[in-house]
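Here the structure comes first, spelled out in structure tokens, and everything after it is commentary.
Values below: every heavy atom of this structure, side chains too, minus hydrogens, waters and symmetry copies.
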Amino acid sequence: MSKTRNTLLLAGLLVATAAPAATATDYTALREDAHVHERLLTASKAYLIEKACPTIERRKLYLLGQVMKLQSYARGLGYTNKEISAYVDDKTEQARFRALAEPWIAERGGVKGDADSYCAVGRAEIENNTPVGAMMRLD
């Protein structure tokens, strides 16, 4: 399992939607669902902060529990594990969310290549118990 896939899975990127399950290449239903979008974007923000800040890490057990709940929910809606994994692994989708998450971090003071600035953003999210902060903890 690739590090990116593992991180995305642990970050709760396995998502569900009330729309019919998409095929392996048609992610329209997942892409257009507001809940799915917000969960993926939240996880992308947390992932980028954790990746850049050496003193912040994922809350692995919390995230694993969230993943299991979302997987169960998604299967109940007709999605297969293979379809969910295909969406999570899709490089275009990963790049799309990264492109949305990076400006959000920058607006909060995160400067690419400056670990301290990313750590400050992460600490603020953790201290304020935001959805992004709930996915991380101080090392």
Side-chain angles (χ1 to χ4, degrees):
M1 182 180 299
S2 73
K3 181 178 180 192
T4 300
R5 179 166 182 239
N6 184 35
T7 299
L8 293 176
L9 289 172
L10 288 173
L13 296 178
L14 296 178
V15 295
T17 176
T23 65
T25 57
D26 179 13
Y27 305 126
T28 304
L30 291 171
R31 189 179 298 120
E32 293 179 354
D33 184 88
H35 174 72
V36 169
H37 176 81
E38 192 56 39
R39 290 292 297 155
L40 289 172
L41 186 55
T42 297
S44 295
K45 292 169 185 175
Y47 170 75
L48 291 174
I49 292 168
E50 181 219 0
K51 184 176 158 190
C53 177
T55 60
I56 291 179
E57 60 184 42
R58 289 168 288 174
R59 294 181 55 207
K60 293 176 183 99
L61 292 177
Y62 168 80
L63 294 170
L64 182 59
Q66 295 302 308
V67 167
M68 292 174 73
K69 287 178 194 176
L70 290 168
Q71 277 182 313
S72 176
Y73 182 69
R75 283 191 306 268
L77 294 173
Y79 285 89
T80 67
N81 288 341
K82 184 176 179 178
E83 289 169 325
I84 296 165
S85 291
Y87 185 66
V88 169
D89 289 340
D90 187 79
K91 299 300 183 202
T92 301
E93 292 302 307
Q94 290 174 6
R96 185 171 74 87
F97 281 99
R98 189 172 34 259
L100 295 169
E102 287 173 344
W104 180 90
I105 294 168
E107 288 170 7
R108 284 151 181 77
V111 177
K112 243 183 182 178
D114 180 0
D116 289 339
S117 69
Y118 270 67
C119 292
V121 172
R123 280 191 306 275
E125 293 298 306
I126 292 167
E127 289 168 10
N128 292 317
N129 199 29
T130 67
V132 173
M135 293 185 171
M136 304 177 296
R137 69 177 182 86
L138 298 173
D139 188 17

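- Between atom CD of residue Glu125 and atom CD of residue Glu127 there is a gap of 10.0 Å, rounded to the nearest 0.5 Å.
- With a 4.5 Å cut-off on side-chain heavy atoms, Val132 and Trp104 count as touching.
- The closest side-chain heavy-atom distance from Ile56 to Leu138 is below 4.5 Å.
- Contact between Cys53 and Tyr118 at its shortest, heavy atoms only, is CB-C, 4.4 Å.
- Residue Val121 comes nearest to Arg108 through the heavy atom pair CG2-O, 3.4 Å, listed as atom of the first residue, atom of the second, then distance.
- Although no hydrogens or angles enter the test, the distance criterion places a donor-acceptor pair under 3.5 Å between the side chain of Asp90 and the main chain of Thr92.
- With rounding to the nearest 0.5 Å, the separation of CD1 in Ile49 from OG in Ser117 is 10.0 Å.
- Taken from NZ in Lys91 to CZ in Arg98, the straight-line distance is 8.5 Å, to the nearest 0.5 Å.
- One distance of note links CD of Glu57 with CE of Met136; it measures 11.5 Å at 0.5 Å rounding.
- The two residues Asp139 and Pro54 have their closest heavy-atom pair at OD2-O, 3.8 Å.
- Closest approach of Glu102 and Leu48 over heavy atoms only: CG-CD1, 3.7 Å.
- Side-chain contact between Leu41 and Lys45 is present, with at least one heavy-atom pair separated by less than 4.5 Å.
- For the pair Arg58 and Met135, the minimum side-chain heavy-atom distance is 4.5 Å or more.
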